[in-house]
Novice: 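Dumping the structure here so I can ask a few things about it.
Atoms within each ligand, like the ligands themselves, are counted from 1 in listed order.
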Amino acid sequence: MSSEVRESEAWTVGRLLNWTRDFLRDKRIEQPQLCAQLLLAHALGCERLELYVRFEAVPDRVQLDAFRELVREAGLGRPIAHLIGRKEFFSLDFRITPEVLVPRPETETLVETALEIVRASGRPLVSILELCTGSGCVACAVASQLPEVRLVATDVSPEAVEVARGNIARHGFGDRIELRQGDLYEALEADSARFGVILANPPYVKTSDLSGMSADVARHEPTRALDGGSDGLEVVRRIVGGAADRLDVGGWLAVEIGYDQAATARELCSAAGLSNVRLVKDGLGHERVIAGQRS
Ligand code: GLN
């Protein structure tokens, strides 16, 4: 075999990426090219962008075996974030485990809404409560953009609280974000604190829709973080209903909701006595966040 032939057959980074992109596309995995890059960078222990200067490099056997296993699992629908143990959200890197929801791009709308509310209020020192924090990505993103706010972040899942604790420490927000484990407002119990802003990305998928969700969501992510009960709004209803007792006068509640829940969520806010209710669209044009003010 001439060295030319051998070279053309070698599994270079470039060739691995192309093959994997096509394989994942055939398996109907979203963003197959990005996924291929993330998995290969993980197997090689480098950053994704470094792959571009290594296109002709040939990974060693150990790296190739690790990569092949990652690709196989990705093809079976395991979320890339679980395979590589991390996910970027609001330009920050978060450690992700199967105990927490993988941060979604649409949740950046919740962060942007929070930033707008705080900036418009002219009160940079405001205290914020974030319910259902999961990986802690929303609290960290808000803290990274608003250097003077303090947050309390809660989750009903002790495992999620531990993941959030790691992410908060890693980004250096341990002195500004306090974590509490408990069921929504019950996590605050004896504490009678009120907040200028309450945020939440609660579970809001209808129980009956869970089985219809794409394989990687329903099979691999925590049901507890997705299941919003029979109409999807059971947790949203409790959050909206309890908000006025925990908000300062003039304080705002902002909650992420499902793409078809805006009308019902608006009724819930009005029934809870919130005013100036508004809806904020996500990048796909869905009404994704509902916000209302305690008058
Ligand atoms: N947007 C998520 C999904 O459809 C649901 C997130 C949630 O329930 N908070 O996968």
Novice: Is any NZ, NE, NH1 or NH2 atom of the basic residue among E178 and R180 found under 4.0 Å from an Asp or Glu carboxylate oxygen of the other?
Specialist: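 Yes, charged N to carboxylate O under 4.0 Å.
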Novice: Could you tell me which atoms of ligand 1, counted from 1 in the order shown, lie closer than 4.0 angstrom to a heavy atom of P203?
Specialist: 8 (O)
Novice: Would you say ligand 1 has an N or O under 3.5 Å from any N or O of Y204?
Specialist: yes
Novice: Does some non-hydrogen atom of A225 fall short of 4.0 Å from ligand 1?
Specialist: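 So A225 counts as touching ligand 1.
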Novice: Is a salt bridge present between R86 and D93, judged by a nitrogen-to-oxygen distance below 4.0 Å?
Specialist: yes
Novice: For V102, does its backbone N or O pair with a side-chain atom of R104 as donor and acceptor, under 3.5 Å?
Specialist: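 Side chain of R104 to backbone of V102, a donor-acceptor pair under 3.5 Å: yes, one is there.
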Novice: By number and element, which atoms of ligand 1 are closer than 4.0 Å to a non-hydrogen atom of E106?
Specialist: 1 (N)
Novice: Using a strict cut-off of less than 4.0 Å between a Lys/Arg side-chain nitrogen and an Asp/Glu carboxylate oxygen, indicate whether D245 and R194 qualify as a salt bridge.
Specialist: no
Novice: Please confirm whether the backbone N or O of Q63 pairs with a side-chain atom of D60, one donor and one acceptor, at under 3.5 Å?
Specialist: yes
Novice: Any non-hydrogen atom of P202 lying under 4.0 Å from ligand 1?
Specialist: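 P202 counts as a contact of ligand 1 under the 4.0 Å cut-off.
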